[in-house]
Chemist: 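Below you'll find the structure I mean.
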Amino acid sequence: MLIELPKHSEVFGSVKIYEVQKVLKLESGKVVSPLIRGFSRDELEDVFSRMAVIIPVKDERIHLFDGVIRSIPDGCRIIVVSNSRRIEQDMFKIECDIISNFHKVTGQNVTIVHQKDPGLSLAFKETEYNAILDRTGVVRDGKGEGMIVGTLLAKMFGCEYVGFVDADNYIPCSVNEYVRIYAGVLSLAETPYAMVRLHWRYKPKVIEDRLYFRKWGRVSEITNKYLNMLLSMKTGFETIIVKTGNAGEHAMTMNLAEIISFSTGFSVEPYQIVYLLEEFWNGETRFKDALSSGVSIYQVETINPHVHEEKGDEHVRDMLLSSLSVIYHSRFANDNLKLKIFEELKEQEIVKSRREIRRCMAMPPICDIDFKKFRDVFERYSETLKTFG
Ligand code: GDD
């Protein structure tokens, strides 16, 4: 893979956000130059062997799930966290069968667990990580919740990197590209606390019987605008550096994954940026090593377009509300920014009053969990955990 190196970054305390880098070629030998970097197959494979690719899934079309599984580069450990239905048609069982066959044929390491596994809930209860549990004491629904479970599993396997890919992707080759980008870029990071977030070149949509290659998703354009406004208002210097506010496809070092806070549901990606700024801009963090080493956020534009399942207007509106609410409730948001966010949501007829912009729940970093205890309880009482290889 041949990739541009970023020429420019902006620094906010200990957080460095790099401008978007483009993938120039999917295959390459090793190239080292000040402007571009080519990764050989061996270099990427070395990182794959230390990386887990986490796939959160909830009732997706099985053809799409199957394609995503098959697209993960050899050598990566695949971790599926499923919140799919178990009654009537047992979707979780179908997912397990697909994985079992896939492992039989390819030998790739795959692990799957159900988000509502009683052993999982018990392990969180015993380690007092109650923020992830619902009122009945079971792990809550939500993509962010699934990502935490996946990250803990990756830690159990000793992985040094975690990458996230959605299960509803129509183009398996694009998923393969995403994971290669994760591996290449994270291997270049100059700090143990690094993250890479993807920006797709196009997000195609059918408009009047024709494929139209949109540049921006409906939610991401707006989220980016307000994240940049948050930065601009605090520094007094206008910026457009953030291009990946809603990047569902992203990866990070395990060092960062352990100290980052995940918020619930779909607010998870913009919240990561807000959290890192709140934690590491003014130096008020308990994570002193990350404060001195610095936290790097890379943004990469893919070659492949992103084609995923469209889940309807209501879903998009929910995602916009939760994305903007994390910015609205940020410690750094001033009254002016709050007013602009409220007006945006009102104009889009998503809220009528400010009270409806509720704070999304954030779950504490997983480094707070007594990991040995969590692992013991989870492995002992799990009913759905299956590891192939
Ligand atoms: N484990 C688990 N638990 N997975 C879930 C849950 C859950 O409760 N809810 C959804 N998922 C899975 C879906 O099956 C899919 O694989 C992934 O999480 C993303 O969910 P979608 O419902 O497909 O979201 P989207 O495609 O509209 O939005 C995606 O892109 C946005 C940026 O454009 C997501 O990745 C967003 O987080 C992202 O901001």
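From a predicted model like this one, the values you see are computed outputs, not experimental measurements. When a ligand or atom number is given, it counts from 1 through the structure's own listing order. Keep in mind that the numbers below use all heavy atoms, side chains included, and drop hydrogens, waters and symmetry copies.
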Chemist: For D168, take its heavy atoms, then give the atoms of ligand 1 lying under 4.0 Å from any of them.
Modeler: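 Heavy-atom distances to D168 below 4.0 Å select 23 (O), 26 (O).
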Chemist: N/O of G248 under 3.5 Å from N/O of ligand 1, yes or no?
Modeler: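 No, there is no polar N/O contact under 3.5 Å.
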Chemist: So is S220 close enough to ligand 1, meaning a heavy atom under 4.0 angstrom away?
Modeler: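 No.
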Chemist: Taking 4.0 angstrom as the limit, do E126 and R380 come out as a salt bridge?
Modeler: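 Not counted as a salt bridge, because no side-chain N and carboxylate O are separated by less than 4.0 Å.
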Chemist: How does E269 reach ligand 1, by side chain, by backbone, by both or by neither, if only non-hydrogen atoms under 4.0 Å count?
Modeler: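 Answer for E269: side chain.
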Chemist: For M319, is the nearest heavy atom under 4.0 Å from an atom of ligand 1?
Modeler: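 For ligand 1, residue contact (heavy atoms, under 4.0 Å) with M319 is present.
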Chemist: I'd like to check which ligand 1 atoms, numbered from 1 as shown, lie under 4.0 Å from a non-hydrogen atom of N246.
Modeler: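 Per the distance check, 31 (C), 32 (C), 38 (C), 39 (O).
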Chemist: Report the part of E60 in contact with ligand 1, treating N, CA, C, O as backbone and CB onward as side chain, heavy atoms under 4.0 Å; options are side chain, backbone, both, neither.
Modeler: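 The answer is the side chain of E60.
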Chemist: Closer than 3.5 angstrom, by distance alone: can the side chain of T111 be matched with the main-chain N or O of I79 as a donor-acceptor pair?
Modeler: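 Here the side-chain-to-backbone pair does not exist.
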Chemist: Only heavy atoms of V81, strictly under 4.0 Å: list the atoms of ligand 1 that pass.
Modeler: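 In order of numbering, the contacting atoms are 1 (N).
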Chemist: Could you check whether the rings of F332 and W281 sit parallel, tilted or perpendicular, using 30° and 60° as the cut-offs?
Modeler: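 Perpendicular: the ring planes of F332 and W281 meet at over 60°.
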Chemist: H315 heavy atoms, cut-off 4.0 Å: which ligand 1 atoms fall inside?
Modeler: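 Going through ligand 1 atom by atom, the ones under 4.0 Å from H315 are 22 (O), 24 (O), 25 (P), 27 (O).
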Chemist: For ligand 1, note which part of E145 has a heavy atom under 4.0 Å away: side chain, backbone, both or neither.
Modeler: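 It is neither part, as no heavy atom is under 4.0 Å.
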Chemist: Please tell me whether Y178 and N304 have a donor and an acceptor in their side chains that are separated by less than 3.5 angstrom.
Modeler: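 No, because no side-chain N or O of Y178 sits under 3.5 Å from a partner of the opposite role on N304.
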Chemist: Below 6.0 angstrom between ring centroids: does that apply to F374 and F124?
Modeler: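 Between F374 and F124, the centre distance is under 6.0 Å.
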Chemist: Can you find an N or O of D166 that's nearer than 3.5 Å to an N or O of ligand 1?
Modeler: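 Between D166 and ligand 1 (N or O atoms, distance only) the closest approach is under 3.5 Å.
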Chemist: Please determine, by modelled atom types, if T253 and E160 share a side-chain donor-acceptor pair under 3.5 angstrom.
Modeler: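 Note: T253 and E160 side chains miss the donor-acceptor criterion.
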Chemist: Under the criterion salt bridge (charged side-chain N to carboxylate O under 4.0 Å, His left out), I'd like the reasoning laid out for K143 against E269: C-alpha separation, chi angles, the key distance, then a yes or no.
Modeler: CA-CA 10 Å; K143 182 189 168 198; E269 288 94 10; 2.6 Å; yes
Chemist: Among the heavy atoms of D141, does any lie under 4.0 Å from an atom of ligand 1?
Modeler: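 True for this residue.
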Chemist: Using heavy-atom distances only, which candidate in S82, G142, P56, G146 approaches atom 7 (C) of ligand 1 most closely?
Modeler: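 Of the listed residues, G142 has the closest heavy atom.
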Chemist: Any non-hydrogen side-chain atom of D168 less than 4.5 Å from a side-chain atom of R61?
Modeler: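 In short, these two side chains do not touch, never coming nearer than 4.5 Å.
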Chemist: State the CZ-CD1 distance between R140 and I148, to the nearest 0.5 angstrom.
Modeler: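 One finds 8.5 Å between CZ of R140 and CD1 of I148.
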Chemist: Has ligand 1 got any nitrogen or oxygen that is less than 3.5 angstrom from a nitrogen or oxygen of V57?
Modeler: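 Yes, since at least one N or O of V57 sits under 3.5 Å from an N or O of ligand 1.
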Chemist: Is it the case that ligand 1 has an N or O less than 3.5 angstrom from some N or O of E249?
Modeler: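 Looking only at distances, the answer is no, because the N/O contact criterion of under 3.5 Å is not met.
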Chemist: Establish, from distance only, whether the side-chain atoms of E190 and S296 form a donor-acceptor pair under 3.5 Å.
Modeler: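 Side-chain D/A pair, E190 to S296: absent.
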